Asker: 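The following block contains the structure, expressed as structure tokens.
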Amino acid sequence: MSFARLVQLHLLQGRWAAHRRAPPLRTDRKSYAAGEQSRELDRAVGAFRAVTGDEGVSVGDAVREQHGRDESVHSCRPPDVVVWPRSVEEVSALARICHHHRLPIIPFGTGTGLEGGVGALKGGVCFDLRKMDRVLDLHAEDFDVTVEPGVTRTALNSHLRDSGLWFPVDPGADASLCGMAATSASGTNAVRYGTMRENVLNLEVVLADGTVFHTAGRGRRPRKTSAGYNLTNLFVGSEGTLGILTKATLRLYGIPEAMVSAVCSFPSVQAAVDSTVQILQCGIPIARIEFLDDVMIDACNRYSRLSYPASPTLFLEFHGSERSLEEQVSMAEELAGANGGSDFSWARDAETRGKLWKARHDAWYAALALRPGCKAYSTDVCVPLSRLPQIIVETKADLIKNKLTGPIAGHVGDGNFHCLMVLDPDDPAEVQRVHEFTNRLARRALALDGTCTGEHGVGLGKRALLREEVGPQAMEVMEALKASLDPKNLMNPGKVL
């Protein structure tokens, strides 16, 4: 529906004249501003329903609460209204209404984020994109596919099953693919296949004023380009603060002929990381190489009834042909053994590999089981690989000193690791200690030339850390970009910057 038609609806409903009257003078500016936004929202809701139908709009308390939280520890901030667009045309029309009424816009995928990215800090409208769930334009011979924002990674790989292709970026949760692009997600396979930044070829974006554009040009999907600014990667990792992602063109890969997995224990963190570095230096095309510290592996043993040694442990996976895997496995085992690795467990068939990886997949629940009735919060940092032993040792000492429960699991091949903090949310002192610890951890990573977040994003909790990480000049450039694309500051305000 065109914007002109929406304006006509306002006229027919007798609201336009009231909207145009000058507001009365108020001495309480905050109260006036809140009241004015409420009036603008009331005017907009009818226009929303004209676009999506009554079933596409909700102001119910339960629905709003559901859309104001993710998997983070940040408190729920519900939006004022939730809308469910079914097409990019509806997203554009709804965005134009929000822009006209100065209503904040918060994109919503599956709510699996970890940094409070969906909270409506200033109220506004949540765009739930899950009804846009089609897999479009699969080009198997070109190894790419275009998807709408409601498609999750599991749904895409199920759709691709008979094509011999798959999308390997796996953050753990069954997140939406456009949501993964918005947070620049990665996960266990990133050491071989890269993160979302390397695997998004093009994006369709709706800006705050309803403008629709394609970051690499409409229909473009080359494997590489030197044409102009890299607008695609500007929006990958933007966390909904620049625009709404309504389509993503993604790079696909052939399903490996064979896979082999392994678990290996080490006498120290340094030995485990040394093995990782040597495996990568030898050019072994390892697909996954995950690290669990002694606390985490002990928790996994208890939770999953396993019997791995309670020591620093690597979980490895190799992809390739049957012949190539024999050489890869042999070299990796030799390198690990030279660094004190022991208790090797190898697995080739899918069932045995699944059992072998069970400890890694259940790490979150195993950490929670250490303190029944408590909550978990996962924070992540990333450092150059050579600095990983130092930061893990210092972090473990910090946890012990401050009497905190924080098993460590990480994508060691990337220098990225997570502390799975288990805490009592009703204990203010412990909550404060966890908050102070996570800030120290991030600053420890920055001091080692790393980043305050490897894959979770900035969201609410790491805005000050981002400023410390990139410096004032880079922040000024980011703020200028934001102001240029979203001058009214409507797109997910209060996040990232």
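This one's a predicted model, so the numbers in the text were calculated from it and none came from an experiment.
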Asker: In terms of side-chain heavy atoms, does Asn492 have a donor or acceptor partner in Thr241 at a distance below 3.5 Å?
Answerer: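 No donor-acceptor contact under 3.5 Å links the two side chains.
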
Asker: If you measure from CG on Asp298 to CG on Leu292, what distance do you get to the nearest 0.5 Å?
Answerer: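 Rounded to the nearest 0.5 Å, the CG-CG separation comes out at 11.0 Å.
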
Asker: Does atom CZ of Arg223 have more than 12 heavy-atom neighbours from other groups under 6.0 Å away?
Answerer: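 More than 12 within 6.0 Å, yes.
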
Asker: Strictly distance-based, threshold 3.5 Å: is any side-chain N or O of Asp70 a donor or acceptor partner for the main-chain N or O of Gly117?
Answerer: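 Here the side-chain-to-backbone pair exists.
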
Asker: Are Leu460 and Leu121 close enough, and set up right, to give a side-chain contact (heavy atoms from CB on, under 4.5 Å), and what steps lead you there?
Answerer: CA-CA 10 Å; Leu460 284 175; Leu121 300 187; 3.2 Å; yes

Asker: Once you round to the nearest 0.5 Å, how far does OG1 of Thr395 lie from CG of Leu441?
Answerer: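 Rounded to the nearest 0.5 Å, the OG1-CG separation comes to 4.5 Å.
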
Asker: Taking the side chain as C-beta and beyond, is there a heavy-atom pair between Leu306 and Lys355 under 4.5 Å?
Answerer: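 Leu306 does not reach Lys355 side chain to side chain.
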
Asker: Would you say the side-chain atoms of Asp343 and Ser265 include a donor-acceptor pair closer than 3.5 Å?
Answerer: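 Their side chains do not contain a donor-acceptor pair, so the 3.5 Å distance test is not met.
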
Asker: Around Phe213, counting heavy atoms of other residues, nucleotides and ligands shown, do more than 12 lie under 6.0 Å from its CZ?
Answerer: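 Yes, CZ of Phe213 has more than 12 neighbouring heavy atoms, counting only those of other groups under 6.0 Å.
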
Asker: Whether Arg64 and Asp61 form a salt bridge (side-chain N of Lys/Arg under 4.0 Å from carboxylate O of Asp/Glu) is what I want to check.
Answerer: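 Salt bridge: yes.
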
Asker: I'd like to know if the side chain of Asp294 reaches the main chain of Pro312, judged simply by a donor and an acceptor atom lying under 3.5 Å from each other, with no hydrogens or angles considered.
Answerer: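 No; zero donor-acceptor contacts below 3.5 Å.
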
Asker: Under a plain distance cut-off of 3.5 Å, with no hydrogens placed, do Ser186 and Thr195 share a side-chain donor-acceptor pair?
Answerer: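 Side-chain D/A pair, Thr195 to Ser186: absent.
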
Asker: Would you call the rings of Trp84 and His67 parallel, tilted or perpendicular, where under 30° means parallel and over 60° means perpendicular?
Answerer: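 Perpendicular: the ring planes of Trp84 and His67 meet at over 60°.
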
Asker: Answer yes or no: is there a donor N or O on one side and an acceptor on the other, between the side chain of Lys122 and the main chain of Pro104, under 3.5 Å?
Answerer: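 Side chain of Lys122 to backbone of Pro104, a donor-acceptor pair under 3.5 Å: no, none is there.
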
Asker: Would you confirm whether Ser261, through its side chain, and Ala347, through its main-chain N or O, come within 3.5 Å as a donor-acceptor pair?
Answerer: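 No: the side chain of Ser261 does not pair with the backbone of Ala347.
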
Asker: Going by atom types alone, do Asp274 and Gln278 pair a side-chain donor with an acceptor below 3.5 Å?
Answerer: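 No donor-acceptor contact under 3.5 Å links the two side chains.
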
Asker: For residues Asn157 and Trp166, is any side-chain donor paired with an opposing acceptor at under 3.5 Å?
Answerer: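 Side-chain D/A pair, Asn157 to Trp166: absent.
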
Asker: Among Val422, Leu423, Val295, which one satisfies side-chain contact (heavy atoms from CB on, under 4.5 Å) with Thr405?
Answerer: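 Option passing the side-chain contact (heavy atoms from CB on, under 4.5 Å) with Thr405: Val422.
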
Asker: Is the shortest distance from a Lys or Arg side-chain nitrogen in Arg371 or Glu430 to a carboxylate oxygen in the other one below 4.0 Å?
Answerer: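 Judged by the 4.0 Å cut-off on N to carboxylate O distance, Arg371 and Glu430 do form a salt bridge.
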
Asker: Please examine the side chains of Met475 and Leu466, heavy atoms only from C-beta on, and report whether any two atoms are closer than 4.5 Å.
Answerer: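 Touching, per the 4.5 Å side-chain cut-off.
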
Asker: Do Tyr193 and His319 have side-chain N/O donor and acceptor atoms under 3.5 Å apart?
Answerer: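 Present: a donor and an acceptor within the cut-off.
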
Asker: With a 3.5 Å cut-off and no angle check, do the side chains of Thr152 and Asp174 form a donor-acceptor pair?
Answerer: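 Short answer, yes.
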
Asker: Is atom NZ of Lys488 surrounded by more than 12 heavy atoms (other residues, nucleotides or ligands) closer than 6.0 Å?
Answerer: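 Yes, the 6.0 Å shell around NZ holds more than 12 heavy atoms from other groups.
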
Asker: CD of Glu468 to CG of Leu446: how many Å apart, nearest 0.5 Å?
Answerer: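 So the CD of Glu468 and the CG of Leu446 are separated by 6.5 Å.
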
Asker: Locate the shortest heavy-atom distance separating Ala445 from Val381; write the atom from each residue and the value.
Answerer: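 The pair with the smallest heavy-atom distance is CB-CB, 3.7 Å.
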
Asker: Are Val200 and Leu250 side-chain neighbours, meaning at least one heavy-atom pair lies under 4.5 Å?
Answerer: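 In short, these two side chains touch, coming nearer than 4.5 Å.
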
Asker: Would you say the side chain of Met132 lies within less than 4.5 Å of the side chain of Val91, judging by non-hydrogen atoms?
Answerer: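 They are in contact (side-chain heavy atoms under 4.5 Å apart), so the answer is yes.
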
Asker: Donor-acceptor pair, Arg153 side chain versus Gly172 backbone, under 3.5 Å?
Answerer: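 Yes, the answer is positive, given that a donor and an acceptor are paired below the 3.5 Å cut-off.
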
Asker: Contact between Ser72 and Glu115 at the side-chain level, heavy atoms closer than 4.5 Å - yes or no?
Answerer: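 No, too far: nothing below the 4.5 Å cut-off.
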
Asker: Can you give me the closest heavy-atom contact between Asp414 and Cys382, atom names plus distance?
Answerer: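 Smallest heavy-atom distance, with atoms named: O-SG, 3.2 Å.
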
Asker: Before giving the answer on side-chain contact (heavy atoms from CB on, under 4.5 Å), spell out for Tyr308 and Leu356 the whole-Å C-alpha distance, their side-chain angles and the decisive distance to 0.1 Å.
Answerer: CA-CA 10 Å; Tyr308 296 122; Leu356 186 147; 4.1 Å; yes

Asker: Does Asp293 use its side chain to pair, donor to acceptor, with the backbone of Met296 at less than 3.5 Å?
Answerer: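 Here the side-chain-to-backbone pair exists.
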
Asker: Within the 3.5 Å criterion, strictly below it, is a donor on Glu71 or Thr112 matched to an acceptor on the partner's side chain?
Answerer: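 No, Thr112 and Glu71 have no side-chain donor paired with an acceptor closer than 3.5 Å.
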
Asker: Is there a donor-acceptor contact under 3.5 Å from the side chain of Arg463 to the main chain of Gly494?
Answerer: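 Judged by distance alone, yes, a pair lies under 3.5 Å.
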
Asker: Atom CD1 in Ile289, atom CD in Glu317: separation rounded to 0.5 Å?
Answerer: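 Going from the CD1 atom of Ile289 to the CD atom of Glu317 covers 12.0 Å.
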
Asker: Looking at Ile408 and Cys419, what are the two nearest heavy atoms and their distance?
Answerer: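 Closest heavy-atom pair between Ile408 and Cys419: CG1-SG, 3.7 Å.
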
Asker: Closest approach of Ala332 and Ile279, non-hydrogen atoms and distance?
Answerer: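 In this case the closest contact between Ala332 and Ile279 is CB-CD1, 4.2 Å.
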
Asker: Pair His214, Lys247 - check side-chain contact (heavy atoms from CB on, under 4.5 Å), show working.
Answerer: CA-CA 9 Å; His214 297 80; Lys247 286 189 184 70; 5.6 Å; no

Asker: If I compare all heavy atoms of Leu129 with all of Ile244, which pair ends up nearest, and what's the gap?
Answerer: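 Looks like CD1-CG2, 3.9 Å.
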
Asker: Starting from the C-alpha separation in whole Å, work towards a yes-or-no answer on ring pair (Phe, Tyr, Trp, His ring centres under 6.0 Å) for Phe291 and Phe266.
Answerer: CA-CA 11 Å; Phe291 172 82; Phe266 290 86; 8.9 Å; no

Asker: For the residue pair Leu399 and Met421, establish whether any side-chain heavy-atom pair is separated by less than 4.5 Å.
Answerer: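 The answer is yes, as the side chains (C-beta and beyond) meet within the 4.5 Å cut-off.
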
Asker: Nearest heavy-atom pair of Cys264 and Ala336: which atoms, and what distance?
Answerer: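 Cys264 and Ala336 have their closest heavy atoms at SG-CB, 4.1 Å.
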
Asker: When you look at CZ of Arg440, are more than 12 heavy atoms from neighbouring residues, nucleotides or ligands closer to it than 6.0 Å?
Answerer: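 Count over threshold, so yes.
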
Asker: Between atom OH of Tyr253 and atom CG of Asn199, what is the distance when rounded to the nearest 0.5 Å?
Answerer: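 Taking OH in Tyr253 and CG in Asn199, the distance rounds to 3.5 Å.
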
Asker: With a 4.0 Å cut-off on N to O distance, would you call Lys495 and Glu239 a salt bridge?
Answerer: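 Salt bridge absent between Lys495 and Glu239.
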
Asker: Is there side-chain contact between Thr110 and Ser176, with at least one heavy-atom pair below 4.5 Å?
Answerer: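 They are in contact (side-chain heavy atoms under 4.5 Å apart), so the answer is yes.
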
Asker: Working to the nearest 0.5 Å, report the span between NE2 of His456 and OG1 of Thr379.
Answerer: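 Those atoms lie 7.5 Å apart.
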
Asker: Any side-chain to backbone donor/acceptor pair from Asp486 onto Leu490? Under 3.5 Å, distance only.
Answerer: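 Yes; at least one donor-acceptor contact below 3.5 Å.
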
Asker: For the side chain of Thr438 and the backbone of Val434, is there at least one donor-acceptor N/O pair under 3.5 Å apart?
Answerer: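 A pair under 3.5 Å: yes.
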
Asker: Any non-hydrogen side-chain atom of Thr232 less than 4.5 Å from a side-chain atom of Asn230?
Answerer: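 Result yes, sub-4.5 Å side-chain heavy-atom pair found.
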
Asker: Has the side chain of Arg192 got a donor or acceptor atom that lies under 3.5 Å from a matching backbone atom of Pro285?
Answerer: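 Yes, because the side chain of Arg192 sits within donor-acceptor range (under 3.5 Å) of the backbone of Pro285.
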
Asker: Would Val151 and Phe167 satisfy side-chain contact (heavy atoms from CB on, under 4.5 Å), going step by step from the backbone distance to the final call?
Answerer: CA-CA 12 Å; Val151 179; Phe167 184 72; over 6 Å; no

Asker: Look at Glu479 together with Arg467 and state whether they make a salt bridge at an N to O cut-off of under 4.0 Å.
Answerer: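 Looking at Arg467 together with Glu479, the answer is yes, because their closest N to O distance falls below 4.0 Å.
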
